Amino acid sequence: MKIPQGLQPLIEDGIIDAVLRPLKSGKEASVYVVQVGDEVRCAKVYKDMAQRSFQARVQYQEGRKVRGSREQRAMGKATKFGRREQEAAWKTTEVDALYALADAGVRVPQPYGFFHGVLLMDLVTDADGFSAPRLAEVDLEPDQAREWHLMLVRDIVRMLVLGMVHGDLSEYNVLATPDGPVLIDFPQVVSAAGNNAARDMLLRDVHNVRDTLARFAPELADTHYGEEMWALYEAGDLQADSPLTGRFVFDTRKADTGAILWSIEDARQEAVIRQQGREEADAAD
C-alpha cells in the first residue's frame, strides 16, 4: 500500500520495513499494521488536533505534569507555543503510560518506542493471528464473562495503584484475545491524585466494564468494585493484590446543611473582624 506521510520517516530511518495495511482510524489517531524484520506490529500515528479538541480534553489534562512553569503558563493561555506543548504532552502520555502499565503487569500492548510522533507496539491478535476484535464484538459464556470481569477489575486496580485512571474505558477499547482482555487507548489517562474528576472517571470505567459483561453474567450488575477500590485508594490501603469483594456500603446519611451554613457564617464574621483589626492598626500608624 501507499506509505502514509506519518510513517515515511520511520521507513527512511529503517525503524519499520513496510506498511502492510490500515488497521483503524479515529479522531485521535490512525493505526497501521507494519513489518519490522520478521515481526508484525502496529504503528499508531497521532493526528494534529484543532483548538476545539483541546478544549474538550481539559478535564483529562488537569493534574498532569509538564516540563516547566513556562510550558504550564503557555498551555494555560492557549498560545501557539502552548498548543504545541499540549499536543506533544497528549501524544507522549500514552507512550509513558503503556511502558509503566506493561511493567506493572497490566494487560496492554507491549510498546516498542515512540519515533517521529508515532507509537510502535505489539499487534494484539486472535487465535488465528488476525487483529483481535473489540469486547463489543464478541459473545461470552457466563463463566468466561465472570473471569474476564475479575481480570479487568484487577488491571484497573493495578492502574490505580500507579496513580492512573484510564478515563475512557469501555467495550470499545478492550480487545478480546484467547488469553483474556487487553486494554488499549491511553492518551486521555488521568492522574488519580491530581484530577478532581478522577473518582467519577474511575467509577465510569468500572461501571462500563461491569455493565458490558453483565449482559452475559447478570449478577455482575449488582457489584460495586469501583466504589470499593476508590475507598481503599483514598485511605492509602489499596495494593495491586488487595482482596476485593464487589460489595460496598453507601453512606446514606443526610448532610447537616444548617451546621454547614453556620460554619460558613462564623468564618465570614471572623474574616470581617480580622479585616477591621488590620484597618484599625493601619489607621493608628
Side-chain angles (χ1 to χ4, degrees), residues 21-26 28-29 31 33 40-42 44 94 97-98 101-102 104-111 121-162 164-190 200-230 232-233 238-248:
R21 60 183 175 85
L23 182 59
K24 70 171 186 175
S25 181
E28 301 287 348
V31 182
V33 179
V40 176
R41 295 176 180 166
C42 65
K44 188 169 187 176
E94 179 166 32
L98 277 179
L101 295 173
V106 179
R107 293 178 52 82
V108 297
Q110 177 64 46
M121 56 187 169
D122 262 341
L123 175 65
V124 181
T125 60
D126 62 13
D128 298 318
F130 297 105
S131 55
R134 297 173 180 176
L135 181 57
E137 301 168 334
V138 300
D139 290 326
L140 303 176
E141 294 296 325
D143 284 345
Q144 188 179 21
R146 297 183 192 103
E147 180 184 3
W148 283 29
H149 181 258
L150 291 177
M151 294 173 72
L152 287 166
V153 165
R154 187 53 54 187
D155 275 347
I156 294 171
V157 167
R158 292 190 183 104
M159 288 187 64
L160 189 54
V161 169
L162 292 176
M164 300 183 200
V165 175
H166 187 288
D168 193 30
L169 191 59
S170 74
E171 59 189 325
Y172 296 101
N173 41 35
V174 175
L175 299 181
T177 80
D179 298 323
V182 175
L183 306 181
I184 61 170
D185 293 339
F186 293 91
Q188 74 295 313
V189 69
V190 166
D200 291 340
M201 291 185 187
L202 174 82
L203 296 184
R204 184 177 64 193
D205 286 351
V206 177
H207 294 170
N208 283 344
V209 168
R210 178 194 68 188
D211 295 345
T212 294
L213 294 173
R215 298 202 305 262
F216 312 108
E219 72 277 8
L220 293 177
D222 296 326
T223 61
H224 298 283
Y225 285 96
E227 291 85 352
E228 184 182 11
M229 70 176 74
W230 185 263
L232 290 171
Y233 172 75
L238 186 67
Q239 303 293 328
D241 58 353
S242 292
L244 299 176
T245 65
R247 296 187 295 273
F248 184 76

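Every value quoted in this text rests on a predicted model; they were computed, and no experiment measured them.
Looking only at distances, a side-chain donor or acceptor of Asp126 sits under 3.5 Å from a matching main-chain atom of Asp128. With hydrogens and angles disregarded, a donor-acceptor distance shorter than 3.5 Å links the side chain of Gln188 to the backbone of His166.
For the pair Met229 and Leu160, the minimum side-chain heavy-atom distance is below 4.5 Å. When side chains are defined from C-beta on, Arg134 does not count as touching Asn173, because their heavy atoms never get closer than 4.5 Å. Side-chain contact between Pro109 and Val182 is present, with heavy atoms from C-beta onward closer than 4.5 Å.
Closest of all the heavy-atom pairs between Val189 and Ala97 is CG1-CB, 4.2 Å. Residues Pro111 and Ala102 come closest through the heavy atom pair CD-CB, 4.3 Å. Of all heavy-atom pairs spanning Gly246 and Glu228, the tightest one is N-OE1, 2.8 Å. Residues Phe186 and Leu101 approach most closely at CE2-CD1, 3.5 Å, considering heavy atoms. Among all heavy-atom pairs drawn from Leu202 and Gly226, the shortest one is CD2-O, 3.9 Å.
To the nearest 0.5 Å, atoms OG (Ser131) and CG (Leu23) are separated by 5.0 Å. Taking OH of Tyr233 as the start and CD of Gln239 as the end, the distance is 12.5 Å to the nearest 0.5 Å. Taking CG from Leu135 and CG from Leu140, the interatomic distance works out to 6.5 Å, rounded to the nearest 0.5 Å.
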Compile the donor-acceptor pairs under 3.5 Å between side chains in residues 144-157 and protein atoms, sequence neighbours left out, one pair per line.
unit_1	atom_1	unit_2	atom_2	d
Arg146	NE	Glu219	OE2	2.3
Arg146	NH1	Asp143	OD1	2.5
Arg146	NH2	Glu219	OE2	3.3
Arg154	NH1	Ala240	O	2.7
Arg154	NH1	Ser242	O	3.1
Arg154	NH2	Ser242	O	3.0
Asp155	OD1	Arg158	NH1	2.7
Asp155	OD2	Arg107	N	3.3

Can you give each donor-acceptor pair under 3.5 Å made by side-chain atoms of residues 205-213, sequence neighbours left out, with the distance rounded to 0.1 Å?
unit_1	atom_1	unit_2	atom_2	d
Asp205	OD1	Asp168	N	3.4
Asp205	OD1	Leu169	N	2.9
Asp205	OD2	Gly167	N	2.8
His207	ND1	Leu203	O	3.3
His207	NE2	Glu227	OE2	3.2
Asn208	ND2	Leu169	O	2.9
Asn208	ND2	Arg204	O	3.3
Arg210	NH1	Thr223	O	2.9
Thr212	OG1	Asn208	O	2.9

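The number of heavy atoms from other shown groups lying within 6.0 Å of CZ (Arg215) is above 12.
For Asp200, there are no side-chain contact (heavy atoms from CB on, under 4.5 Å) partners two or more places apart in sequence or in a different chain. In this view, Phe216 satisfies the ring-ring contact (aromatic ring centres under 6.0 Å, His included) rule with no residue, not counting sequence neighbours. Evaluation of the side-chain contact (heavy atoms from CB on, under 4.5 Å) rule for Pro22 yields Met1, Tyr32 as partners, not counting sequence neighbours.
Sorted by first then second residue, the salt bridge (Lys or Arg N to Asp or Glu O under 4.0 Å) pairs that include residues 179-188, not counting sequence neighbours, are Lys24-Asp185, Lys44-Asp185.
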